[in-house]
Every structure is written in C-alpha cells, then in structure tokens.
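These notes concern the structure reproduced below.
Because the structure is predicted, anything quoted here is derived from the model rather than measured.
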Amino acid sequence: MDWHLLGLSFITVFLSELGDKSQLAAIALSGRSQSRRAVFFGTAGALLLTSFLGALAGGAVAEFLPTRLLKAIAAVGFAILAARLLLFNGEASPDAE
C-alpha cells in the first residue's frame with residue numbers, strides 16, 4: 001500500500017468535498033429527516049461508489065491516454081467550466097419564460 005498516495009487522496013477529496021453540493025445535500029437531508037444515521041450511511045455509500053467508479057475510470061483511461069494528455073484534458077474542462085461560471089453567472093435568458 002502506498003501510504004503517501006492514500007493520505008494525499010484522502011486530504012484532496014476531503015478538502016474538495018467540504019462545502020460541496022454533496023455535503024449541502026447531506027445537511028439538507030439530515031435536517032429534514034429523523035434518522036441521521038440513514039443519511040450518513042446513504043451519503044457515505046454514494047461517495048464511496050462514486051470514488052470507486054472514478055478510480056476505475058481513471059485507471060481505464062490511463063491505459064489508453066498518456067498522463068500528460070489526460071491532465072491537459074482535465075485542465076481544459078475546468079477552464080471551460082470556469083469561463084461558463086464567470087461569463088454566464090446563472091442569469092436567466094429572456095427566452096426562458
């Protein structure tokens with residue numbers, strides 16, 4: 001087991017999930033329900049499954065694409081998302097209604 005990679009993965013995901021939509025959804029669900037344990041196990045299971053699928057997909061894609069190209073694709077994707085957030089800040093278009 002690569003303990004350094006394990007710790008790095010934990011810290012990266014933990015910090016990125018703080019205040020994320022999934023955490024806000026867990027807060028909302030927990031506030032509305034009587035069983036916080038069910039919300040905890042449901043959200044933890046969902047995060048576990050999505051992380052598992054991400055690790056599988058990353059391993060499969062890394063077989064076909066070089067790491068440098070994969071990082072470039074991810075950077076372009078994040079840049080596009082950032083540009084959309086900056087330029088189209090959620091204002092509804094006049095044709096929306």
Residue pairs, two or more places apart or on separate chains, that pass ring pair (Phe, Tyr, Trp, His ring centres under 6.0 Å) and touch residues 13-37: F10-F14
Residue pairs, two or more places apart or on separate chains, that pass ring pair (Phe, Tyr, Trp, His ring centres under 6.0 Å) and touch residues 36-69: none
Other cluster members, M1 - Ile/Leu/Val/Met/Phe/Trp/Tyr, side-chain contacts below 4.5 Å: W3, L6
Remaining members of the apolar cluster that contains L47, side-chain heavy atoms under 4.5 Å: none
For V61, the rest of its hydrophobic cluster, which grows through side-chain links under 4.5 angstrom: L65, L69, L70, I73
Fellow cluster residues of L29, listed by chain then number, with links counted only when side-chain atoms sit under 4.5 Å apart: V39
Pairs meeting criterion side-chain hydrogen bond (donor to acceptor under 3.5 Å, both in side chains) with involvement of residues 19-44, two or more places apart: E17-S22
Side chain to side chain contact (heavy atoms under 4.5 Å, CB included) partners for I11, two or more places apart: L15
Side chain to side chain contact (heavy atoms under 4.5 Å, CB included) partners of L48, counting only residues at least two apart: none
Residues which pass side chain to side chain contact (heavy atoms under 4.5 Å, CB included) with I80, listed by chain and number, not counting sequence neighbours: V76, R84
Nearest atoms (heavy-atom pairs only) where T12 meets L8: OG1-O, 2.7 Å
